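Working notes for the structure below.
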Amino acid sequence: MATGSDRIAVEVCKGVNGLDKVVLREARGRSVEVYLYGAHVTSWKNDNGEELLFLSNKAIFKPPKAIRGGIPICFPQFASHGSLEQHGFARNRLWSIDNDPPPFPVVSTSRTFIDLILRPTEDDLKIWPHSFEFRLRVALGPGGDLMLTSRIRNTNTDGKPFSFTFAYHTYFSVSDISEVRVEGLETLDYLDNLQNKERFTEQGDAITFESEFDKIYLSTPTKIAILDHEKKQTFVLRKDGLPDAVVWNPWDKKAKAMPDFGDDEYKHMLCVEAAAVEKPITLKPGEEWKGRLELSAVPSSYCSGQLDPRRVLGS
Ligand code: TA6
């Protein structure tokens, strides 16, 4: 795709196993890579060319397997919350480049972006009998922020509404999981996937990790921080239209059980997922839902303690 004076660089090229990917480049070496397979962001680099997302060395780039790492998109079903395959089918479908997207709903400072689109195939309609248009804009901001904006429209012609659950299943790259804290989820209710999705209330301090962790936090603030002390870096996750947040680390045993994940890789990743799980989203024909994720990586001094819900909600 030609580079215009208004866009730094958007390049369509071949990735692993010849799968099509789009590379977005901004000034000073920042970049993002997204595969048309699953509309899957697999790389986000800062202006030192450092990778900010985790991608397993054993990731499989071969349909129908989902790519292990980066940002898989879970739609129309999160995890096993329904009768479809785990995490739905959007992450293992081939998306197209949307050359004629409808006007973008939010004022964007980003000049470097790509629009992708997914519509159901005949086979998809057999397993999930709903017509939809799923438009995803992946944008790299002038400050190096990564923005993903999903627009899902119900295009059923039979008057039927449909409901779905959703997640941006983001794998953050961290230096050492035992040195990481998550702020912004303190005192919130969560469903524990390791205890039959039973509901509990989180304690008052930032979350730290010392064993397998798989929780769905409910009705969270729109801002969550992941502090990596060793790297002196904080990921700030902002979300819109996605009330919940899932936090996952498989730890050692699950890591060994996953063929597309290295035994020790759990030490260097953490999933914090902007999601809509507890209350499925329902759309009538013609209606459109928007779900937005904005990620930034900042020096740690910026954040610690600033995202305590009691403080955030009080401010
Ligand atoms: O988002 C957390 C989770 O639902 C975990 O329960 C775990 O299964 C993880 O997703 C990975 O799922 P996957 O289907 O990609 O192996």
Side-chain angles (χ1 to χ4, degrees), residues 50-56 68-69 71 79 167-239 242-258 261-275 277-278 293 295-315:
E50 287 162 353
E51 182 56 61
L52 300 167
L53 296 176
F54 166 85
L55 182 69
S56 173
R68 179 66 67 193
I71 309 181
Y168 290 117
H169 197 301
T170 308
Y171 288 74
F172 292 95
S173 171
V174 298
S175 54
D176 176 348
I177 188 65
S178 58
E179 292 282 327
V180 167
R181 304 155 54 90
V182 174
E183 290 195 356
L185 303 174
E186 301 85 348
T187 72
L188 297 179
D189 281 5
Y190 63 87
L191 307 177
D192 192 335
N193 270 330
L194 304 179
Q195 299 188 62
N196 302 320
K197 298 192 180 68
E198 217 181 306
R199 189 175 184 132
F200 298 93
T201 303
E202 190 57 80
Q203 29 92 32
D205 300 326
I207 298 165
T208 54
F209 304 90
E210 55 204 28
S211 60
E212 183 180 0
F213 199 101
D214 194 348
K215 298 180 180 178
I216 304 171
Y217 290 87
L218 308 174
S219 306
T220 77
T222 56
K223 219 166 133 181
I224 298 167
I226 301 144
L227 290 81
D228 184 333
H229 287 306
E230 199 169 307
K231 260 192 201 159
K232 297 191 174 23
Q233 173 179 271
T234 294
F235 290 110
V236 178
L237 182 162
R238 290 181 180 80
K239 56 190 177 91
L242 295 154
D244 308 319
V246 182
V247 180
W248 178 60
N249 186 291
W251 224 250
D252 55 351
K253 282 203 194 63
K254 273 271 174 62
K256 288 192 176 67
M258 290 193 286
F261 193 84
D263 292 358
D264 289 338
E265 288 188 326
Y266 72 92
K267 296 175 182 169
H268 306 299
M269 55 71 67
L270 179 67
C271 287
V272 180
E273 311 161 30
V277 179
E278 186 187 22
L293 173 68
L295 302 177
S296 42
V298 295
S300 273
S301 54
Y302 166 79
C303 247
S304 187
Q306 288 181 347
L307 282 179
D308 175 334
R310 288 162 295 187
R311 202 183 277 215
V312 171
L313 298 173
S315 64

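Keep in mind that what you see is a predicted model, and the values were worked out from it rather than measured. Values reported hereafter were calculated over all heavy atoms of this structure, with side chains retained and with hydrogens, waters and symmetry mates removed.
Counting heavy atoms from C-beta outward, Val180 and Phe209 have side chains that approach closer than 4.5 Å. Taking the side chain as every heavy atom from C-beta outward, Val182 and Ile224 approach each other to under 4.5 Å. By the 4.5 Å heavy-atom criterion applied to side chains, Tyr217 and Ile207 are counted as neighbours. Side-chain contact between Leu237 and Val272 is present, with at least one heavy-atom pair separated by less than 4.5 Å. Side-chain contact between Arg199 and Glu278: present, with at least one pair of heavy atoms (C-beta onward) separated by less than 4.5 Å. Using a 4.5 Å cut-off on side-chain heavy atoms (C-beta onward), Glu212 and Leu194 make contact. Taking the side chain as every heavy atom from C-beta outward, Thr170 and Phe235 never approach each other to under 4.5 Å. Taking 4.5 Å as the limit, some side-chain heavy atom of Val236 sits within range of a side-chain heavy atom of Ser296.
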- Message: Determine whether Tyr171 and Trp248 satisfy the following criterion, side chain to side chain contact (heavy atoms under 4.5 Å, CB included), listing intermediate values before the conclusion.
- Response: CA-CA 9 Å; Tyr171 288 74; Trp248 178 60; 3.5 Å; yes

- Go through the steps for Arg68 and Met258 under the test side chain to side chain contact (heavy atoms under 4.5 Å, CB included), then give the verdict. CA-CA 10 Å; Arg68 179 66 67 193; Met258 290 193 286; 3.7 Å; yes

- Before giving the answer on ring pair (Phe, Tyr, Trp, His ring centres under 6.0 Å), spell out for Phe54 and Phe261 the whole-Å C-alpha distance, their side-chain angles and the decisive distance to 0.1 Å. CA-CA 11 Å; Phe54 166 85; Phe261 193 84; 5.7 Å; yes

- Item | side chain to side chain contact (heavy atoms under 4.5 Å, CB included) evaluation trace for Leu191 with Leu218 | CA-CA 8 Å; Leu191 307 177; Leu218 308 174; 4.1 Å; yes

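Thr220 and Lys239 share a side-chain donor-acceptor pair at under 3.5 Å. Side-chain contact annotation: Gln233 with Ser300, donor-acceptor N/O pair under 3.5 Å absent.
Separation of atoms CZ (Arg181) and CG (Leu227) is listed at 6.5 Å; rounding is to 0.5 Å. In this structure, CD1 in Ile177 is found 5.5 Å from CH2 in Trp251, a value given to the nearest 0.5 Å. Distance NE2/His169 to CD1/Ile71: 11.5 Å, rounded to 0.5 Å. Atom CD of Glu202 is separated from atom OH of Tyr190 by 5.0 Å, given to the nearest 0.5 angstrom. For the atom pair CG of Asp228 and CG of Leu52, the computed distance is 10.5 Å after rounding to the nearest 0.5 Å. One finds the CG atom of Leu293 at 11.0 Å from the CZ atom of Arg238 (value rounded to the nearest 0.5 Å).
Nearest heavy-atom pair across Phe172 and Ile226 is CE1-CD1, 3.5 Å. Closest approach of Asp244 and Ile216 over heavy atoms only: CB-CG2, 4.5 Å. When all heavy atoms are compared, the tightest approach of Ser178 to Asp176 is OG-OD1, 2.7 Å. Residues Pro250 and Ala255 approach most closely at CB-N, 4.2 Å, considering heavy atoms. Considering every non-hydrogen atom in both Ser56 and Gly262, the closest pair reads OG-N, 3.9 Å.
Within 6.0 Å of CD on Glu210 lie no more than 12 heavy atoms contributed by other residues, nucleotides or ligands. For NZ of Lys253, the number of neighbouring non-hydrogen atoms (other residues, nucleotides, ligands) closer than 6.0 Å is 12 at most.
Under a 3.5 Å cut-off, the side chain of Asp192 and the backbone N or O of Glu198 do not form any donor-acceptor pair. When atom types are taken as modelled, the side chain of Asn249 and the backbone of Asp214 share no donor-acceptor pair closer than 3.5 angstrom. Side-chain atoms of Glu51 come within 3.5 Å of backbone atoms of Leu53 as a donor-acceptor pair (strictly under, hydrogens ignored).
Taking 4.0 Å as the cut-off between side-chain N and carboxylate O, Glu179 and Lys231 do not count as a salt-bridged pair. By the 4.0 Å N-to-carboxylate-O rule, Lys267 lies too far from Glu265 to be salt-bridged with it.
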